[in-house]
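Beneath this line is the structure, given in structure tokens, with notes to follow.
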Amino acid sequence: MNFFDKLNSQISRSQSLLFVGLDPNPEMMPARYASPNLITGLENWLQFIIAETADFVCAYKPTLGFYEALGVPGLELLLKTLAVIPAHIPIILDAKHSDLNTSTICAHTMFTEWQIDAITLSPYTGQDHVAPFLVYPDKAVFILCCTSNPGAAALQQYPSKESPLYLQVVKESKNWGTPEQLGLEVGTTNANALALIRAIAPERIIMARSIWAEGSNLKEILAAGLNANGDGLLIPVPQDMLGKPKLSQAIQSLHSEINQIRTEIIWDGSTCSVWFPDICFLDQHPHQDLILQLYDIGCIMFGDYVQASGATFPYYIDLRKIISNPQVFNQVIVAYEEILKNLTFDRLAGIPYGSLPTATGLSLRLDCPMIFPRKEVKAHGTRKLIEGDFHPGETVVVVDDILISGKSVMEGAEKLKSAGLNVNDIVVFIDHEQGVKDKLQQNGYLGHSVLTISEIVTTLHQAGRINNEQFLAFTESNEGI
Ligand SMILES: O=c1ccn([C@@H]2O[C@H](COP(=O)(O)O)[C@@H](O)[C@H]2O)c(=O)[nH]1
């Protein structure tokens, strides 16, 4: 079972978004655990915490630094503590690891020997550092995006409040791993900062930290950090609660309070708009995350772009870029697959050049042979019009990136038909609309698309990625054509 499923199972079982830090911090250890041997005292305390909280938490989070600080006995204590955590409860090791040279070996030890489920990582060494942790498909990472340390503001808020570095960390790290494998660690008492992160990462699990400072408002924090379904946010049990002799009682009461607030937030849609008028948790597009990521990696651009027809559009789509981002590429392939699995065909064909990588990815994923019609026929060699093997009479589904006039995809389909193949269906990622699917139909093809350009632009506008001016330029051009 992967981390995401294990976490969700435990959330359903415990009905809880709470997680507990299992930190052998001598300064926080209650006096009743004092023992001639510090490690024994800490061990007894940690075992008490686990026994009292296991039914009311979704995860445990041991902080590696506290164990390391105790030396070799501390690391032994870590292994003993990990061993007493019930196997069904996910363990997130708070390591804030950030050293590229040791990523591979650390990932191996922590994931395969210590059997932890997820780890926290610092972002500054970039994707190269994170990748070795993501080669374990059942495991996950949490990227530190934001901390509540006052001194961190000088970096996190740089260069401006409107476009702070911590939001760039969120945007960039989303490209490193899927939502099932990569979550965000956010330490803040500032509900607005959390809301900004949630707005650009609606699909990610956010592990909240440092939310219990005096004066912080739990309801605002939850409204800002929960996703549209009222979950997706892991909430820390306050550290000082873990010293209480009646811990189980205290955690149950916090658990009920949080679930009550979650219910209110889910049912009281108006409450969200009062607090965060810019953020609408309702009516999300099912491909919202993918649309935002495509925008963030530069596949969707706004400005004046001249098309092959000579017309100027206020946007340009460049799906060719997805080949450099395997994580987004994979999501695109999966989205095409959702349509293709309902169609009947013997082979699939990509239209050169833009759609050849996509068609190749789909061919491998669906285990379906691929061919492609050449863009230009060579005057030498085999002079083939179509590359790949096929038998006349077979049915081919054509895959392309975007339909503007439909000219290029229909030209490709005609070449296939001229070789005796049947083409009924054309599947594209984006439909520019403006009646192009009707045009395909008039020519005997059924057009299918993952997204329409209006869905994309509306989603980007709702998420604050494009401004009103860009949105209006699109709606006007769309009406005008
Ligand atoms: O935003 C855009 C617009 C066009 N393209 C390229 O053009 C064809 C589709 O144009 P038709 O008029 O339907 O032939 C598409 O395959 C792209 O290669 C684009 O990439 N982005």
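Just so we're clear, the structure is a prediction, and the values are computed from it rather than from any experiment. Note that ligands are numbered from 1 as they come in the structure, with each ligand's atoms numbered from 1 the same way. We're numbering straight along the sequence, starting at 1.
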Is it true that a side-chain atom of Arg198 and a backbone atom of Ala201 form a donor plus acceptor pair closer than 3.5 Å?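 The answer is yes, because a donor-acceptor pair under 3.5 Å joins these two groups.
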How long is the straight-line distance from CD of Gln441 back to CD1 of Ile426, given to the nearest 0.5 Å? 11.5 Å
Whether Gly354 lies under 4.0 Å from ligand 1, heavy atom: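 The answer is no, since Gly354 has no heavy atom less than 4.0 Å from ligand 1.
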Looking only at protein heavy atoms, which one is nearest to [atom], and what is the separation?
| atom | result |
| --- | --- |
| atom 3 (C) of ligand 1 | Gln307 OE1, 2.9 Å |
| atom 18 (O) of ligand 1 | Arg320 NH2, 3.2 Å |
| atom 9 (C) of ligand 1 | Ile402 O, 3.3 Å |
| atom 21 (N) of ligand 1 | Ile317 O, 2.6 Å |
| atom 2 (C) of ligand 1 | Tyr316 CE1, 3.3 Å |
| atom 14 (O) of ligand 1 | Ser408 OG, 2.5 Å |

Geometric class of the [Y]/[X] ring pair [parallel <30°, tilted 30-60°, perpendicular >60°]:
| X | Y | result |
| --- | --- | --- |
| Phe313 | His432 | parallel |
| Tyr295 | Phe302 | tilted |
| Phe142 | Phe3 | perpendicular |

Check each heavy atom of Val436 against ligand 1 and say whether those closer than 4.0 Å belong to the side chain, the backbone, both or neither.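 No part of Val436 is near ligand 1 at this cut-off.
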Heavy atoms only, cut-off 4.0 Å: how does Asp400 contact ligand 1, side chain, backbone, both, or neither?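 Side chain only.
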In ligand 1, the atoms that come under 4.0 Å of a heavy atom of Ser405 are 11 (P), 12 (O), 13 (O), 14 (O)
Counting from 1, what ligand 1 atoms have a heavy atom of Gly406 closer than 4.0 Å?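 It comes down to these atoms of ligand 1: 11 (P), 12 (O), 13 (O).
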One thing to verify: whether Asp138 and Lys6 come together as a salt bridge, which I'm taking to mean a side-chain N less than 4.0 angstrom from a carboxylate O. no
If only side-chain N and O atoms count, and only distance matters, is there a donor-acceptor pair under 3.5 Å linking Glu433 with Ser454? yes
Is atom 7 (O) of ligand 1 touching the protein, meaning some protein heavy atom lies under 4.0 Å away?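 No.
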What are the two closest non-hydrogen atoms of His285 and Ile291, and how far apart are they? ND1-CD1, 4.0 Å
Nearest neighbour of atom 15 (C) of ligand 1 from the list Asp318, Asp401, Leu403, Leu319, on a heavy-atom basis: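 Checking each option, the heavy atom nearest atom 15 (C) of ligand 1 is found in Asp401.
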Please check if the number of heavy atoms outside Asp99 that lie under 6.0 Å from its CG is greater than 12. yes
